[in-house]
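Keep in mind the model is a prediction, meaning the values are calculated, not measured. Throughout, residue positions are numbered sequentially from 1 according to the sequence presented.
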Amino acid sequence: INDTGNTILDLNKILTLSVNILAVDPSIVMGVINKLISKGSIKEIEKEKKITTKSIYSLEEDIYSNILDFVNLNDNNRFLSQNELDDFAEKNEFKLDKTQLDSVVSIMKNKINVLTGGPGTGKTHTIKSICITLMRKGFTVKLLAPTGKAAQRLSESTKIEAETLHRFLKIMPKKGDSDFMNDNDNNENEEVIKESLIIIDESSMLELSVVNVLLKRINPLTTAILFV
């Protein structure tokens, strides 16, 4: 599963691929899969006829639970009052189009957001307008990216310092296990994130383990998050 970049695989595809590679009867492969399921090494998603690993399933459950904490607070504790939002939209200082403007207003109101769009759709300009607006109001914003190159591009395009999630969270991959992260058992590295807004660029490149660490260190009452 890890080698494919997926978190879940179709059971029939795994069965067919295994039979072709091993040149054995499908019942033998299915028997092994069932044993792994009964041992808890892999998890079967019965309704979808798909399987995943125990570690990935556990990570996704944690992430889902943490995201719900943000969703349940959406439209609460806004960065800007409704009057300020209306004024922002009316003045449109950053010359945002309607889609960009609607996105900014949503981000100002909700605790968790996703900003999508292909190249040239103005995601960077939208991010910059959010950062400038909030920092003027005294809020703190942190720009993050999965890789050093992505962080450098984000810094250059927004003129605001960005860094990698690994550096920001002070985490390192465990030796021999790319699925999980640790922080050298240093409790000082587990402090709650204090920034008002966390913006993560190139978020489709994120590893589940990193997302899990990030969400666990954010208090949704005080910090919002934007995935780009």
Side-chain angles (χ1 to χ4, degrees), residues 66-67 69-117 119-171 189-206 210-211 213-228:
N66 285 317
I67 287 176
D69 290 339
F70 285 89
V71 172
N72 290 334
L73 288 171
N74 270 351
D75 212 22
N76 290 319
N77 302 315
R78 300 179 179 188
F79 286 118
L80 304 180
S81 68
Q82 189 59 53
N83 287 338
E84 289 174 315
L85 287 172
D86 292 341
D87 186 58
F88 176 86
E90 183 179 349
K91 289 182 178 178
N92 197 8
E93 173 187 353
F94 300 97
K95 309 301 180 185
L96 303 171
D97 64 28
K98 185 179 185 307
T99 300
Q100 294 168 336
L101 196 57
D102 289 345
S103 298
V104 173
V105 171
S106 174
I107 292 162
M108 296 295 184
K109 292 169 60 177
N110 297 311
K111 284 295 183 178
I112 186 165
N113 288 273
V114 178
L115 179 64
T116 63
T121 56
K123 294 191 301 297
T124 300
H125 181 59
T126 303
I127 291 171
K128 190 171 182 179
S129 69
I130 293 167
C131 293
I132 293 173
T133 301
L134 291 183
M135 289 189 291
R136 284 176 180 171
K137 296 287 185 179
F139 294 103
T140 53
V141 181
K142 187 64 183 180
L143 299 183
L144 301 172
T147 66
K149 286 186 177 180
Q152 183 178 356
R153 287 197 301 268
L154 186 59
S155 294
E156 292 172 351
S157 60
T158 61
K159 308 303 180 186
I160 300 171
E161 183 181 1
E163 61 182 316
T164 66
L165 278 94
H166 292 78
R167 181 177 179 183
F168 178 66
L169 296 171
K170 302 175 184 176
I171 53 178
N189 290 335
E190 297 181 356
E191 69 264 9
V192 174
I193 292 169
K194 297 177 181 179
E195 281 76 6
S196 307
L197 175 64
I198 300 293
I199 299 178
I200 305 173
D201 198 22
E202 302 286 357
S203 56
S204 63
M205 298 170 59
L206 290 174
V210 178
V211 176
V213 172
L214 174 69
L215 293 178
K216 284 184 175 180
R217 295 193 191 172
I218 292 178
N219 181 353
L221 288 172
T222 56
T223 302
I225 187 166
L226 170 61
F227 294 100
V228 182

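Residues F79 and I107 have side chains not in contact (no heavy-atom distance under 4.5 Å, counting atoms from C-beta outward). At a threshold of 4.5 Å between non-hydrogen side-chain atoms, the residues I171 and R217 count as touching. A 4.5 Å side-chain heavy-atom check between L215 and I67 finds at least one atom pair inside the cut-off. You'll find the side chain of I130 reaches within 4.5 Å of the side chain of L226, heavy atoms only. Between L206 and L214, every side-chain heavy-atom pair lies at or beyond the 4.5 Å cut-off. Residues L96 and H125 have side chains in contact (heavy-atom distance under 4.5 Å, counting atoms from C-beta outward). Within the 4.5 Å cutoff, no side-chain heavy atoms of C131 are placed close to those of T158.
Residues satisfying the side-chain hydrogen bond (donor to acceptor under 3.5 Å, both in side chains) test with D102, not counting sequence neighbours, are K98. Residues forming a side-chain hydrogen bond (donor to acceptor under 3.5 Å, both in side chains) with D86 (at least two apart in sequence, or on another chain): Q82. In this structure K159 satisfies the side-chain hydrogen bond (donor to acceptor under 3.5 Å, both in side chains) test with no other residue, sequence neighbours excluded. Residues satisfying the side chain to side chain contact (heavy atoms under 4.5 Å, CB included) test with T222, not counting sequence neighbours, are N219.
T124 OG1 to D201 CG: the interatomic distance, rounded to the nearest 0.5 Å, is 6.5 Å. Summarising the geometry, atom CG belonging to L115 is positioned 5.5 Å from atom OG belonging to S103; distances are rounded to the nearest 0.5 Å. Here the CG atom belonging to L197 is positioned 10.0 Å from the CE atom belonging to M135, to the nearest 0.5 angstrom.
Contact record, P146 with M205: CG-CB, 3.9 Å, taken as the closest heavy-atom pair. When all heavy atoms of I200 and S203 are compared, the closest pair comes out as O-CB, 3.9 Å. Closest heavy-atom contact between K109 and L85: CG-CD1, 3.4 Å. Closest approach of A150 and E202 over heavy atoms only: CB-CG, 4.0 Å. Closest non-hydrogen pair, A151 versus A162, comes out as O-CB, 3.6 Å. Contact between L144 and T164 at its shortest, heavy atoms only, is CD2-O, 4.1 Å.
A donor-acceptor pair is defined here as one N or O able to donate and one able to accept, closer than 3.5 Å; no such pair exists between the side chain of T223 and the backbone of P220.
The aromatic rings of F94 and F88 are tilted relative to each other, their planes meeting at an angle between 30° and 60°.
Screening residues 219-228 for salt bridge (Lys or Arg N to Asp or Glu O under 4.0 Å) gives no qualifying pairs among residues at least two apart or on separate chains. Within the structure, the side-chain hydrogen bond (donor to acceptor under 3.5 Å, both in side chains) test picks out the following pairs touching residues 127-154 (sequence neighbours left out): E84-K137, E93-R136, T140-S196, K142-E163, Q152-E156.
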* **side-chain contact (heavy atoms from CB on, under 4.5 Å) evaluation trace for L80 with V105** => CA-CA 9 Å; L80 304 180; V105 171; over 6 Å; no

* **Chi angles and distances behind the side-chain contact (heavy atoms from CB on, under 4.5 Å) call for I127, I160** => CA-CA 10 Å; I127 291 171; I160 300 171; over 6 Å; no

